[in-house]
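Here's the structure, in structure tokens; my notes come after.
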Amino acid sequence: MDAFWIILTGSFVSISCGLLGSYLILRKMAMVGDAISHAVLPGIVIAFLISGQRDSLTMLVGAGILGVITTFLIEFFHQKGNLQTDASIGVTFTWLFALGIILISVYAGQVDLDQDCVLHGEIAYVPIDLWITASGKIIGPRAVFITGSVMIIVISFIAIGYKELFLTTFDPAFATVIGISTALWHYLLMGAVSLATVASFESVGAILVVALLIAPPATAYLLTEKFRPMLIITVLLGILISISGYYLAVSIDGSIAGAMSTVAGLLFALAFLFSPKEGIIITWLKNQARKKELS
Amino acid sequence: MEQFWEFLSFSEPNIRYVTFGSILLCGSAAVVGSFIFLKKKALVGDAVAHAVLPGVCLGFLLAGNKNPVLLVTGAFVTGWLSLVAIDYISAKSKIKEDTAIGLILSVFFGIGILLLTYIQHSGNAAQSGLDHFLFGKAAAMVSSDLNVFSGIAFMLIIAVVLFFKEFTLISFDIDFAKTIGFPVRRLELVLTTLTVLAIVAGIQAIGVVLMAAILITPAAAARFWTDNLKKMVFLSAAFGGVSGFAGAFISYAAPAMPTGPWIVMVISVIALFSFFFAPQKGIVMKLISRKKMENQIREENILKLLFQLGQKDGNYFQQRSVNEILAKRPFKPKQLISGLARLKKQGFLENGDGRWKFTRAGQKKGARMVKLHRLWEVYLTRYLRIASDHVHEDAETIEHIITPDLEAKLEKLLEYPVKDPHQSDIPYL
């Protein structure tokens, strides 16, 4: 049963991250996703200090605000300070992440977080932290409900705003012409990314969540050219990653989140080599055949 | 405070090693980082920094202990591999570079975490302290580590000094470098090798997670203070050195604190200060100088307007109310009043019971503004053949910029014209 809860949580996390990540990589904003996932850390710690609870609404709100502030700061330094984008991203998120780690060390006694948790989460403990109602009935692991509800929020966000997100991603000029605010949907998407990052934080940590944001959609992107199938493949990959990541970690007694990222990387490598349309090997074979034809 | 003096006295040799080691590590990383910053590869640096973790773990697994040479070699190999992988993925598939960077960064780091937790659970006692590579711990350096890491740092600085001209060229104008026959590919190879080495050297003090900051942030801060590359490299080395020193002190004073985040905090505060307050380029300073320019333009416009009114009425020293001025040109009332007050302070205007009039100096300056405006209109119609009804807007802008030198040249070129294209008099005072 423990394995089931862990894999279920892992799947919820990778599905929410992967779906949002699909938009990020198509908008050439993969590194902004990386920056947000690091920069929400001080938000989490400060919200924790204020509310004293681990999975409160305050924490989601705190981190969500920090995520949007990060995007704003990156833009601000880039536009007002003439700082190039890559440096603007790099300086902003390292600074906020360092702040988060320092806060954790300073309030080590009061905050139930540690540096390991920041790096690779503690998904193995998911089944231990149960949600028990006032009447003493055990409903199930708390993390399953949190990550599950965030996944539902993310899916409904995409379902409701599908057209707007699609247009602002692929043809922002056209979207503006027909009256869709690109800025609004940009910040909504960033807010959703922050939310997914925070919800995933306890399970996979602030850094490895990037692997789940980027690797599954990048793999799916190599396998199809249509957007809807890309989203579906991303979801399937997310589930596959959680299952095989879990068993890899158990077999060598290592971090589950680390193993999930490793599997995500392996799947990408497979698609990169063997994708029927764009794989390196297929391209090479095609080139050989063409060479023979020409000679 | 007492602790600080005790630290500064370097009475313990260990403190001496750690302090100079940290300064050297952070300083040399900042030197190499300047070129990474200029080549706009900041995030690649971040990816490489994360990617050295699996190498450190593999080095440990091979050696069975924390042999610094093997750890460095392992880190170097995987760091290099990550760079190659990023280039290969973005060149050979439709995956964009930023996605490739994020992918390699997180996957390599994930593999590193998997290996690290595997090592930690394996029960090998020698592994304790391996996790210092995550967030860095300057004080944990022993003298053999220090020798290896400072050796690398020295090599980096010497290499940058030797290749300074070449690196400058490939950072700013790679096409030109190719054209004049520089071995560009080989030079880029040298620079990437130095990048990986800088990261490998720095991880003892800062850790892999935040290493990118020490490469990029000092350079980004230095860029706001100067346009001269040599000065920029020196400044960023100095910023890096200062934060390395701070890190060593924090490691000494508060052993429970992770060193890396504190070093990054120090360097980030320096950078944020530079972003806002550096003279000329800082955001606040730019705002202030823009405000000054706006004020100057407004003041000159007020003087010009008073002169035009005087010219029309034939009396330059008549007192005029604010409303009279506003009727002629729609200034914002508040801005007009503060502009008038400033002009009085500068001795160009006088006022009495709410009405304003020129002083001699004010009249002279007003005349000059009107003259510049009309001279430019003459120039545009005569030399650029622009219709006389299209020249006003342009003159309205340029009149605030023309220097006395340029003014003299214009007068001479146009042979002291007396009428502008709209048949108004050009005043010479």
Side-chain angles (χ1 to χ4, degrees), chain A residues 24-25 28-31 33-34 76-77 80-91 94-95 97-102 105-106 108 115-116 119-120 205 207-215 217-218 221-222 248-249 252-255 257-262 264-265 268 272 278 280 283, chain B residues 37 40-46 50 89 92-96 98-118 121-122 131 134-135 209-210 212-213 215-217 219-220 223-224 256-258 260-265 268 271-272 275-276 281-283 286:
Chain A
L24 289 181
I25 71 166
K28 302 197 183 88
M29 286 175 53
M31 291 314 284
D34 179 41
F76 178 76
F77 289 139
K80 299 281 167 186
N82 269 338
L83 189 64
Q84 63 215 38
T85 324
D86 62 326
S88 177
I89 294 177
V91 171
T94 49
W95 168 57
F97 189 68
L99 178 68
I101 298 285
I102 289 175
S105 330
V106 172
Q115 289 163 23
D116 283 355
L119 291 175
H120 50 81
I207 299 185
L208 292 182
V209 71
V210 183
L212 299 179
L213 272 173
I214 299 175
Y221 186 49
L222 287 178
L248 173 64
I252 69 164
D253 188 18
S255 145
M260 281 168 68
S261 320
T262 310
F268 176 83
F272 186 70
E278 347 233 338
I280 293 295
T283 320
Chain B
F37 171 82
K40 305 207 159 90
K41 295 276 186 196
L43 297 171
V44 178
D46 190 34
H50 283 72
I89 291 173
K92 294 281 174 178
S93 72
K94 59 181 179 180
I95 302 276
K96 307 283 182 304
D98 69 317
T99 306
I101 294 172
L103 179 85
I104 293 299
L105 179 155
S106 55
V107 168
F108 271 60
F109 191 73
I111 297 173
I113 287 289
L114 184 64
L115 290 173
L116 185 68
T117 44
Y118 165 70
H121 297 164
S122 69
D131 55 348
L134 289 173
F135 286 116
V209 179
L210 287 166
L215 280 173
I216 301 311
T217 312
R223 184 70 188 83
F224 276 78
M257 288 288 160
W262 276 105
I263 295 184
V264 173
M265 187 47 76
S268 298
L272 289 179
F275 293 172
F276 285 104
K281 292 193 183 181
I283 295 170
K286 266 201 309 212

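Worth saying up front: this structure is predicted, and the values here are computed from it rather than measured. Chain letters run A, B, ... following the sequence lines, proteins first, then strands; residues in each count from 1.
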Chain B contacts, top residue of A/S88, A/S255, A/A218, A/A215 (heavy-atom pairs, under 4.5 Å):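 With the most close heavy-atom pairs to chain B, the winner is A/S255.
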If you tally heavy-atom pairs under 4.5 Å between each of A/D34, A/L213, A/L83 and chain B, the highest tally belongs to A/L83
What are the two closest non-hydrogen atoms of [X] and [Y], and how far apart are they?
X	Y	answer
A/T94	B/L210	O-CD2, 3.6 Å
A/A30	B/T99	CB-CA, 3.8 Å
B/Y118	A/I252	CD1-O, 3.1 Å
A/I214	B/G102	CD1-CA, 3.6 Å
B/T217	A/V91	OG1-CG2, 3.9 Å
B/M257	A/S105	SD-CB, 3.7 Å

Name the region of [X], side chain, backbone, both or neither, that has any atom closer than 4.5 Å to a heavy atom of chain A.
X	result
B/L116	neither
B/L115	neither
B/K40	both
B/K41	backbone
B/F275	side chain
B/D98	both
B/V209	side chain
B/I89	both
B/F276	side chain

Other residues, nucleotides, ligands: >12 heavy atoms within 6.0 Å of B/K94 NZ: yes
Examine whether an atom of [X] lies under 4.5 Å from a heavy atom of chain B, and if so say whether it belongs to the side chain, the backbone or both; otherwise answer neither.
X	result
A/Y221	both
A/A259	both
A/I25	both
A/V106	both
A/M29	backbone

Top contributor to chain A interface from [options] [non-hydrogen pairs under 4.5 Å]:
options	value
B/L215, B/V107, B/L43, B/I111	B/L43
B/A271, B/A212, B/G282, B/S268	B/S268
B/R223, B/H121, B/K286	B/H121

Side chain to side chain, [X] and [Y], heavy atoms closer than 4.5 Å:
X	Y	value
A/F272	B/L103	no
B/I283	A/F76	yes
B/F109	A/S261	no
A/W95	B/L272	yes

Would you say B/K281's side chain and A/N82's backbone share a donor-acceptor pair under 3.5 angstrom?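 Flag not set: sc B/K281 to bb A/N82 has no pair under 3.5 Å.
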Donor-acceptor contact present, side-chain A/Q84 to main-chain B/A220, <3.5 Å: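 Pair absent, no side-chain N/O of A/Q84 close to backbone of B/A220.
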Atom [atom1] of [X] and atom [atom2] of [Y]: how far apart are they, to the nearest 0.5 Å?
X	Y	atom1	atom2	answer
A/L212	B/S106	CG	OG	8.0 Å
B/L114	A/L248	CG	CG	5.5 Å
B/W262	A/I102	CH2	CD1	4.5 Å

